[in-house]
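I have placed the structure first, in the form of C-alpha coordinates, so that the comments after it can refer back to it.
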Amino acid sequence: MKLSVGGTCFAGGSKANNTGVWRQTAPVVDLAKCVKCKICVDYCPDCAIAVDEEGCKIDMFYCKGCGICSNECPAGAIRMEV
Ligand code: SF4
Ligand code: SF4
(Lines give C-alpha, C1' and ligand atoms only; values in the text may rest on other atoms or scores of the structure.)
(Ligands and ions follow the chains in the order given, each with its own letter.)
Protein backbone atom coordinates (compact mmCIF):
# COMPACT_ATOMS: atom_id res chain seq x y z
CA MET A 1 0.00 0.00 0.00
CA LYS A 2 1.34 3.47 -0.90
CA LEU A 3 0.76 6.13 1.75
CA SER A 4 -0.04 9.69 0.72
CA VAL A 5 2.52 12.45 1.18
CA GLY A 6 2.35 13.77 4.72
CA GLY A 7 1.43 10.42 6.24
CA THR A 8 3.41 9.17 9.20
CA CYS A 9 5.41 6.42 7.53
CA PHE A 10 7.97 5.61 10.20
CA ALA A 11 8.28 5.55 13.97
CA GLY A 12 8.65 9.08 15.33
CA GLY A 13 7.60 10.59 11.97
CA SER A 14 4.81 12.66 13.48
CA LYS A 15 7.40 14.92 15.11
CA ALA A 16 8.61 16.07 11.70
CA ASN A 17 5.07 16.43 10.31
CA ASN A 18 4.40 20.17 9.98
CA THR A 19 0.65 20.06 10.68
CA GLY A 20 0.73 23.85 11.07
CA VAL A 21 0.53 24.22 7.28
CA TRP A 22 -3.06 22.89 7.41
CA ARG A 23 -4.16 25.84 9.58
CA GLN A 24 -6.90 28.19 8.32
CA THR A 25 -7.71 29.77 11.67
CA ALA A 26 -5.25 30.39 14.48
CA PRO A 27 -5.69 30.30 18.25
CA VAL A 28 -4.81 33.50 20.10
CA VAL A 29 -4.28 33.27 23.86
CA ASP A 30 -5.24 36.02 26.30
CA LEU A 31 -2.73 35.34 29.09
CA ALA A 32 -4.64 37.69 31.42
CA LYS A 33 -7.58 35.24 31.32
CA CYS A 34 -5.57 31.98 31.41
CA VAL A 35 -5.85 30.21 34.80
CA LYS A 36 -3.19 27.58 33.84
CA CYS A 37 -5.56 24.64 34.28
CA LYS A 38 -3.93 22.75 31.34
CA ILE A 39 -7.24 21.47 30.01
CA CYS A 40 -6.22 22.74 26.56
CA VAL A 41 -3.05 20.62 26.77
CA ASP A 42 -5.11 17.47 27.31
CA TYR A 43 -7.47 18.21 24.43
CA CYS A 44 -5.04 19.36 21.71
CA PRO A 45 -4.82 16.54 19.14
CA ASP A 46 -1.41 17.72 17.96
CA CYS A 47 0.30 18.12 21.36
CA ALA A 48 0.94 21.72 20.31
CA ILE A 49 0.26 23.34 23.69
CA ALA A 50 2.41 23.77 26.78
CA VAL A 51 1.56 25.73 29.92
CA ASP A 52 4.34 27.46 31.83
CA GLU A 53 4.38 29.99 34.66
CA GLU A 54 3.03 32.69 32.29
CA GLY A 55 0.22 30.52 30.93
CA CYS A 56 -0.71 28.74 27.73
CA LYS A 57 1.82 28.71 24.85
CA ILE A 58 1.02 27.26 21.43
CA ASP A 59 3.56 25.86 18.96
CA MET A 60 2.37 26.98 15.53
CA PHE A 61 4.56 24.41 13.75
CA TYR A 62 2.11 21.74 14.95
CA CYS A 63 -1.14 23.68 15.58
CA LYS A 64 -3.54 22.83 12.74
CA GLY A 65 -6.17 25.35 13.83
CA CYS A 66 -8.91 22.88 14.76
CA GLY A 67 -10.29 25.14 17.51
CA ILE A 68 -10.75 22.41 20.11
CA CYS A 69 -8.63 24.28 22.66
CA SER A 70 -10.78 27.36 22.21
CA ASN A 71 -13.97 25.35 22.68
CA GLU A 72 -12.71 23.56 25.77
CA CYS A 73 -10.98 26.40 27.64
CA PRO A 74 -13.17 27.05 30.72
CA ALA A 75 -11.81 30.58 31.08
CA GLY A 76 -12.49 31.73 27.52
CA ALA A 77 -8.80 32.54 27.17
CA ILE A 78 -8.36 31.25 23.60
CA ARG A 79 -10.07 32.79 20.59
CA MET A 80 -9.72 31.67 16.98
CA GLU A 81 -8.71 34.23 14.34
CA VAL A 82 -8.64 33.97 10.54
S1 SF4 B 1 -7.59 25.71 29.07
FE2 SF4 B 1 -7.60 27.94 29.00
S3 SF4 B 1 -7.29 28.60 31.13
FE4 SF4 B 1 -6.67 26.44 31.00
S5 SF4 B 1 -4.45 26.50 30.56
FE6 SF4 B 1 -5.51 26.40 28.58
S7 SF4 B 1 -5.73 28.55 27.93
FE8 SF4 B 1 -5.27 28.55 30.13
S1 SF4 C 1 -6.31 24.90 17.49
FE2 SF4 C 1 -5.77 24.40 19.59
S3 SF4 C 1 -6.38 22.24 19.87
FE4 SF4 C 1 -6.29 22.64 17.67
S5 SF4 C 1 -4.23 22.04 17.05
FE6 SF4 C 1 -4.15 24.24 17.49
S7 SF4 C 1 -3.51 24.36 19.62
FE8 SF4 C 1 -4.20 22.26 19.26
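In each ligand, atom 1 is the first atom listed, and ligand 1 is the first ligand listed. Quick caveat: nothing in here was measured; it's all calculated off a predicted structure.
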### Message
Looking at ligand 1, would Ile78 count as a contact under a 4.0 Å heavy-atom criterion?
### Response
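Under 4.0 Å: yes for Ile78.
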
### Query
Closer than 2.8 Å to atom 2 (Fe) of ligand 1, do we get an N, O or S atom from Cys56, backbone or side chain?
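No, Cys56 does not qualify, because none of its backbone or side-chain N, O or S atoms lies under 2.8 Å.
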
Starting from [atom], find the nearest protein heavy-atom neighbour and note its residue, name and distance.
atom	answer
atom 3 (S) of ligand 1	Val35 N, 3.3 Å
atom 5 (S) of ligand 1	Lys38 N, 3.2 Å
atom 6 (Fe) of ligand 1	Cys40 SG, 2.3 Å

### Query
Between the candidates Cys69, Cys44, Ala48, which shows the shortest non-hydrogen contact distance to atom 8 (Fe) of ligand 2?
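Shortest heavy-atom distance from atom 8 (Fe) of ligand 2: Cys44.
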
### Task
Could you tell me whether the side chain of Arg23 reaches within less than 4.5 Å of the side chain of Cys63, counting heavy atoms only?
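Of all side-chain heavy-atom pairs linking Arg23 with Cys63, at least one is under 4.5 Å.
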
### Task
Tell me, please, if Cys66 has any N/O/S atom, main chain or side chain, under 2.8 Å from atom 2 (Fe) of ligand 2?
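False for Cys66.
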
### Task
Heavy-atom distances under 4.0 Å are what count here, so tell me which part of Ile49 touches ligand 2: side chain, backbone, both or neither.
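Contact part for Ile49 vs ligand 2: side chain (C-beta onward).
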
### Message
Please tell me whether Ile49 and Met60 are part of a single hydrophobic cluster in this structure, the criterion being side-chain heavy atoms less than 4.5 Å apart.
### Response
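Same cluster: Ile49 reaches Met60 through Ile, Leu, Val, Met, Phe, Trp or Tyr contacts under 4.5 Å.
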
### Task
Have a look at ligand 1 and work out which part of Pro74, if any, has a heavy atom under 4.0 Å from it: side chain, backbone, both or neither.
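Pro74 to ligand 1: side-chain contact only, backbone stays beyond 4.0 Å.
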
### Message
Heavy atoms only, cut-off 4.0 Å: how does Lys36 contact ligand 1, side chain, backbone, both, or neither?
### Response
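The answer is the backbone of Lys36.
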
### Message
Test your reading of the model: is there a side-chain donor-acceptor pair from Thr25 to the backbone of Met80, 3.5 Å cut-off?
### Response
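No, Thr25 side chain to Met80 backbone: no donor-acceptor pair under 3.5 Å.
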
### Message
What I want to find out is whether Asp52 reaches Lys57 closely enough, with some N-O distance under 4.0 Å, to be called a salt bridge.
### Response
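Looking at Asp52 and Lys57, the cut-off is met.
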
### Task
Check if Ser70 has a non-hydrogen atom at a distance under 4.0 Å from any atom of ligand 2.
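No, Ser70 has no heavy atoms under 4.0 Å from ligand 2.
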
### Message
List ligand 1 atoms under 4.0 Å from Cys34, heavy atoms only on the residue side.
### Response
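Taking each heavy atom of Cys34 in turn, ligand 1 has 3 (S), 5 (S), 7 (S), 8 (Fe) under 4.0 Å.
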
